[in-house]
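Data block below; observations after.
These numbers were taken from a predicted model, which means no experiment stands behind them.
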Protein chains: 2
Amino acid sequence: MPDQTKERIVDAAYRTLVKRGYHETGMKDIAAEAGVAPGLAHYYFETKEDLLVAAIEHGCQPLMRAWEAAGVSLSGPMPEDADPMMFARMGFELAKEELKSYGGLFLLTFDMFGVGLHNPKIASAVRIFIEERRAFVARITQAVIVGMAEPPLASAGAFAAAIWGSLHGIYLQKVMDPEFDAEAAIDALSEMTIAFATRPRRTSGTEG
Amino acid sequence: MPDQTKERIVDAAYRTLVKRGYHETGMKDIAAEAGVAPGLAHYYFETKEDLLVAAIEHGCQPLMRAWEAAGVSLSGPMPEDADPMMFARMGFELAKEELKSYGGLFLLTFDMFGVGLHNPKIASAVRIFIEERRAFVARITQAVIVGMAEPPLASAGAFAAAIWGSLHGIYLQKVMDPEFDAEAAIDALSEMTIAFATRPRRTSGTEG
DNA sequence: ACAAATTGTTTGGTCATTCAATCAAAGCCA
DNA sequence: TGGCTTTGATTGAATGACCAAACAATTTGT
């Protein structure tokens, strides 16, 4: 049962890392949680960093599956026939749901961001992680822009960076303070972006 | 020269922590950078955590001074006479400048966020840090909302959380990837918020 | 003298990683 | 079927290094 064992270790790593954090968790803790000898974790994963990356990928799987069940995929193209505004609205709704169901994953992700600040291997994983999600938002944003009556000045990529960034910042505030009303913040972001995307064509006035 | 020594240690801590990160920096490294014996750091700061908090406060001072020179203070009230929209525009411009001048401070701040995820003392400092800045954005936002022709649905606090969050998220993307065009992202955020704040009164249509 | 400042070592513990040894399973040959 | 071997899986202890914090001793300033 080699694959099963590896899976057990990754799952134990996910749970332990979420609960205690990267720097506060030892390989021994993870091995113990998996019910396995300390050395075995290093048999499957050369370094603790590798195990962190594997644990996050493991933790992302349910979320990815939920998205694909909703008809979107992180890396795939936008469906041609659908209304892009509907995707945008749905995206914000999904963001609110995720916060309720995947709090542990966000915690671990933020931990990874912190580690990545001074760890090249993790930094590389973080850049890929961010780029994937930003590109996903950019695809929706691009489709929305195409349908705008009054086209914006900034690029789809720039809006995507601002919107993904806002969601990230809102998640952070929620993780650091459970009292924080993240749903209201996402609603505000949603209200602002949708109003902007659906604003009427400018009929008069000066350029700027 | 007791106060001067303490200052030297805090400054050395700031530089070392920015360069190497919290978990990768030892008290000995900081003491060595300050040109002081290892024990002295603990004479002035009981724990490494305290030193991290002090280092960040120390690093924030120049930024605070720059703000107050521009006529705004983090904790003070909004000037009554000024145009709130002008403050908003200026805030986004200042945000772009900060990224160029205070990259190290952002790096250390994000490091603190990461540590705070599983460290109660640092977590408390992080919550205060976020709350201060969010409240600052909220004051500007509130003043802007008062002057809006078409008032928004969400509260000033919710918009502030979304806007501060977006700036934070943009900074993160910049810190993790120097190629990232943070100015364009802030411009996009600025375009969106200002268009939203200055949208005309709705003359017809259904409620939503 | 007295207190504060400063030193440099010791303490007590942690942890990632390595390693030699054991165990289990699967093939191979008679 | 039964012994033999090889390979991979698994163990648990050892290695080697690091570090925050405590402490006793020394210096400095008043």
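- Rounded to an integer number of Å, the gap from B:Arg8 CZ to C:dA5 P is 14 Å.
- If you take OH of A:Tyr43 and C1' of C:dC23, they are 13 Å apart, rounded to a whole angstrom.
- In this structure, CZ of B:Phe45 is placed 15 Å from C1' of C:dA5, rounded to the nearest angstrom.
- For B:Ala160, the side-chain contact (heavy atoms from CB on, under 4.5 Å) partners are B:Arg134, B:Val137, B:Ala138, B:Thr141, not counting sequence neighbours.
- Under the salt bridge (Lys or Arg N to Asp or Glu O under 4.0 Å) criterion, B:Glu33 pairs with B:Arg15, sequence neighbours left out.
- Looking at B:Asp50 and B:Thr47, their side chains do bring a donor and an acceptor atom within 3.5 Å of each other.
- Among C:dT17, D:dA21, C:dT7, the nucleotide with an atom closest to any side-chain atom of B:Thr47 is D:dA21.
- OP1 or OP2 of C:dT6 has at least one side-chain nitrogen or oxygen of B:Thr5 nearer than 4.0 Å.
- In this structure, A:Glu57 has no salt bridge (Lys or Arg N to Asp or Glu O under 4.0 Å) partners at least two apart in sequence or on a different chain.
- Under the side-chain contact (heavy atoms from CB on, under 4.5 Å) criterion, B:Ala32 pairs with no residue at all, not counting sequence neighbours.
- Residue pairs meeting the ring pair (Phe, Tyr, Trp, His ring centres under 6.0 Å) criterion with at least one member in residues 53-105 of chain A, sequence neighbours excluded, are A:Trp67-A:Phe136.
- Among residues two or more places apart in sequence or in another chain, the side-chain contact (heavy atoms from CB on, under 4.5 Å) test is passed with B:Ala188 by A:Ala154, A:Ala158, A:Phe159.
- Residue B:Leu40 contributes atom CG, which lies 17 Å from atom P of D:dC23 at whole-angstrom precision.
- Looking at every heavy atom in both residues, A:Ile170 comes nearest to B:Ala161 through CG1-O, 4.0 Å.
- Shown for residues 12-33 of chain A: no residue has heavy atoms falling under 4.0 angstrom of DNA chain D.
- Every residue two or more places apart in sequence or in another chain that forms a side-chain contact (heavy atoms from CB on, under 4.5 Å) with B:Ala54 is listed here: B:Val10, B:Phe45.
- A ring pair (Phe, Tyr, Trp, His ring centres under 6.0 Å) check over residues 104-135 of chain B, counting only residues at least two apart or in different chains, returns the pairs B:Phe106-B:Tyr171, B:Phe110-B:His168, B:Phe113-B:Phe129, B:Phe113-B:His168.
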Produce the list of close N/O pairs, under 3.5 Å, pairing protein atoms with atoms of nucleotides 18-20 of chain C; give distances to one decimal.
none

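- Remark: C1' of D:dA22 and NZ of B:Lys48 are 17 Å apart, rounded to the nearest angstrom.
- Using a 4.0 Å cutoff on non-hydrogen atoms, no part of residues 117-124 of chain A comes near DNA chain D.
- Each side-chain hydrogen bond (donor to acceptor under 3.5 Å, both in side chains) pair with one or both residues in residues 145-154 of chain B, not counting sequence neighbours, appears once here: B:Glu150-B:Arg202.
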